[in-house]
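Worksheet: one structure, shown below.
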Protein chains: 2
Amino acid sequence: MTQETGKRPNIYDVASAAGVSKSLVSLVLRGAPGVSAARRAAVEEAIVRLNYRPSRAAATLAGNRSRTIGVVLDDYRNLWFVGLLGGLHDELAPLGFRVAVADPSFNAHLDRTPVDGLMSLRVDGIVIATEPTEEMFAAVDVPAVVAGNRDLVVPGADIVANDDEAGGRLATEHLIGLGHREIGHVTGGGGAARLRAQGFEAAMREHGLSPDVAQGHGLTMEPDGYAGALKLLDRNPALTAIFAANDVMAMGVAAAARDRGRRVPEDLSLIGYDNSPLASANLLRLTTIDGRNGEVGAGAAKALLERMKEPDLPVQTKLVDPELVVRGSTAPPA
Amino acid sequence: MTQETGKRPNIYDVASAAGVSKSLVSLVLRGAPGVSAARRAAVEEAIVRLNYRPSRAAATLAGNRSRTIGVVLDDYRNLWFVGLLGGLHDELAPLGFRVAVADPSFNAHLDRTPVDGLMSLRVDGIVIATEPTEEMFAAVDVPAVVAGNRDLVVPGADIVANDDEAGGRLATEHLIGLGHREIGHVTGGGGAARLRAQGFEAAMREHGLSPDVAQGHGLTMEPDGYAGALKLLDRNPALTAIFAANDVMAMGVAAAARDRGRRVPEDLSLIGYDNSPLASANLLRLTTIDGRNGEVGAGAAKALLERMKEPDLPVQTKLVDPELVVRGSTAPPA
DNA sequence: ATGAAAGCGCTAACAT
DNA sequence: ATGTTAGCGCTTTCAT
């Protein structure tokens, strides 16, 4: 805690303390080139001495842009967004952009939708990392990209996502390659899960195998994985492998296997999706598909930047190739 | 996506569309009383018709306050912050405050510390939900509270936290009450873990038992729980119960138990801390301590609001009582 | 109950 | 390379 000075210093205070004009200070703040070293040093010294923090409100207002990209998130528990945010940040920070997160569940009341809140912030672009709703887009008039989901095609918004269908095939083919023939899939709600299931079914059929798909309560959380796997194991005891639509659900599958007396991987191979921190836990040592969310985030950032330059570019869909990560939960059938 | 109008509507546009003055629009925006119903309706209609979004930049600049509370977070993987954010939001939103999250790892480069970034936003208060560093506070000149951590006492900042030491006792006494005598504790780095360990040791000694504490690699993640539990089980095979410093570490402990041929809870009782989503997973069905992070968030919000009114109030420390949540991972010793 | 007018602290276009 | 100036879109007295 520093002294409670009567007033916060502003750019004028810094300018006069450094013996220069406000414009010079503004240039130094943005690290612009073409400022003499001496002046720059003087300004920086004054900034530190006065403990000056530029007002982003004033900068946004005057510049008519916030140098901020808004991200709409909805579920903090499925940790895929961490990589997304990282990729976004790595791509954007060097260009002077910040990332602001809006959460539909928080900050309700004040704004009708999280997008409204971001528009009030005058974000320069928006990344939708939820299942997008029509309503969200009514309000958007900046470049937008939908990340991680290909379900709802939004007019004017680019799409960047991990190729969930290819990932579903990859998982399935790993199991088939190991020698499994009786393979089940536990799926859930939402576009990503549906595409993963499609990849599973396609791969199975291409190999002349019959896919067995079960769903929990329609969501994609641990209890859904548990419930779906119980259905699968009970109706088809010959099953030697299960592909779960994500890692959290795979954890539920592992519990169901245990409760039915099946060891993983000896009696049942298990593969997840996401390569979340859960997958690397010693309790699971889960083979999984890495959707490379960092790449998705970076791709979303690039799409946004391009569209900021060229608003009328045709809408693009970029798919990131998923990767297989082999750990200890898959093995050849007994 | 709506029409690409040349310019965004501002408060003047709304005012003239509604046939009133800008001041009236401003009053309606803030839901102020003393505006005639007719005028209010006209303004609201114009807002909708023009798809007007007030500029938060301008509002912050003019009002010299952002109606935003900043939260500094550091690790998205230990999900305790979700409850914190929820409690903060529930308390603050009705009063018109937003919550902005700053993450030290993201948004580096642009601001020296996450606190700098929040100060640039002109937040009206700050919640530190990380291990605070001296450096952070050099820059703060708004009400601040440290949430969830009692380690570093920051001059001028209130503290709101779950009572980790009491929680440690609670966990330990649950095990002792079940009949366990040989009990180990897996701890990690940081203030919260240290207090939980203190609670463990105190409870053990009060019951005339000798505490056995192990540490992983000094962090508080799953591999640390795994490594610590292996140490414990290998050096003291008589152990019938382990208390892990948090749920993620407990998951590591569960893996170590399995790898040493111990079933939970038949051969080893296990209790965690946090009551995270992990604890309710079917694979663990983990008995745990609920730190009631929603209450911590609500308490932090209240502390901030009080200090905004009365900046010179003496610094307070509020402790939230933790609760035991019994699931299936603890049982009487064999 | 409503309106008029003065800033808030910056950026950017222009001038030098 | 540096200084001057005109807003950006609001909130907030102060009038009426």
Side-chain angles (χ1 to χ4, degrees), chain A residues 5-44 46-47 50-68 96-98 119-124, chain B residues 5-44 46-47 50-68 96 98 110 119-124:
Chain A
T5 60
K7 222 182 58 64
R8 241 188 260 279
N10 63 21
I11 200 170
Y12 285 82
D13 301 325
V14 174
S16 63
V20 302
S21 75
K22 312 92 208 145
S23 319
L24 234 287
V25 177
S26 180
L27 291 176
V28 171
L29 281 178
R30 280 174 286 146
V35 177
S36 70
R39 305 277 204 178
R40 180 184 300 275
V43 170
E44 279 166 352
I47 287 176
L50 300 183
N51 191 27
Y52 167 69
R53 304 289 155 221
S55 160
R56 252 155 80 185
T60 298
L61 185 56
N64 202 29
R65 54 179 304 151
S66 58
R67 294 175 181 281
T68 298
F97 286 92
R98 303 175 155 75
M119 294 314 295
S120 284
L121 268 183
R122 296 295 185 265
V123 293
D124 302 319
Chain B
T5 60
K7 226 181 54 66
R8 241 187 262 276
N10 63 22
I11 199 170
Y12 285 82
D13 301 325
V14 174
S16 63
V20 302
S21 74
K22 311 89 208 150
S23 319
L24 232 288
V25 177
S26 182
L27 291 177
V28 170
L29 281 178
R30 279 173 288 143
V35 177
S36 68
R39 305 276 203 178
R40 179 182 300 274
V43 169
E44 279 165 352
I47 287 176
L50 301 182
N51 191 28
Y52 167 70
R53 303 288 155 225
S55 160
R56 252 156 79 184
T60 298
L61 184 55
N64 203 30
R65 52 172 318 158
S66 59
R67 296 177 176 280
T68 298
R98 303 177 155 75
L110 294 176
M119 293 314 295
S120 283
L121 270 183
R122 297 294 186 265
V123 294
D124 301 319

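Remember, it's a predicted structure, so these values are computed and weren't measured experimentally. Numbered from 1 within each chain, the chains take letters A, B, ... in sequence-line order.
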Study note, to complete from the structure: Residue pair B:R39/B:G63 against DNA chain C: nearer the 5' end by closest nucleotide is B:R39

Study note, to complete from the structure: Nearest-nucleotide check on DNA chain C, B:L24 vs B:A62; residue mapping nearer the 5' end is B:L24

Separation of [N] [atom2] from [X] [atom1] (nearest whole Å):
X	N	atom1	atom2	result
B:L50	D:dG9	CG	P	14 Å
A:R56	C:dC10	CZ	C1'	14 Å
B:R40	C:dA1	CZ	C1'	12 Å
B:K22	C:dA5	NZ	P	9 Å
B:I47	D:dG9	CD1	C1'	14 Å
A:D124	D:dC8	CG	C1'	15 Å
A:L29	C:dA12	CG	C1'	14 Å
B:D13	D:dC10	CG	C1'	13 Å

To the nearest 0.5 Å, what is the distance between [atom1] ([X]) and [atom2] ([Y])?
X	Y	atom1	atom2	answer
A:I47	A:L29	CD1	CG	5.0 Å
B:N64	A:S55	CG	OG	8.5 Å
A:L50	A:Y52	CG	OH	10.0 Å

How would you label the contact of [X] with the nucleic acid (heavy atoms, under 4.0 Å): base, sugar-phosphate, or nothing?
X	result
A:S36	sugar-phosphate
A:S55	sugar-phosphate
B:N10	sugar-phosphate

Check your understanding: Is there a donor-acceptor pair closer than 3.5 Å between any side-chain N or O of B:S120 and the backbone N or O of A:P54?
Key -> yes

Study note, to complete from the structure: Which of C:dT2, D:dT12, D:dT4 is nearest the side chain of A:S23? It is D:dT4

Using only side-chain N and O atoms of [X], determine if any of them is under 4.0 Å from OP1 or OP2 of [N].
X	N	answer
B:R30	D:dT12	yes
A:R8	C:dG9	no
A:Y52	C:dC10	yes
A:S26	C:dT11	yes

Point to revise | Check against side chain to side chain donor-acceptor pair (under 3.5 Å), B:R53 and B:N51 | key: CA-CA 7 Å; B:R53 303 288 155 225; B:N51 191 28; 2.9 Å; yes

Point to revise | 5'-most by nearest nucleotide on DNA chain D - A:V20 or A:R122 | key: A:V20

Study note, to complete from the structure: Result for 5'-nearest mapping on DNA chain D, choosing between B:L61 and B:L27, is B:L61

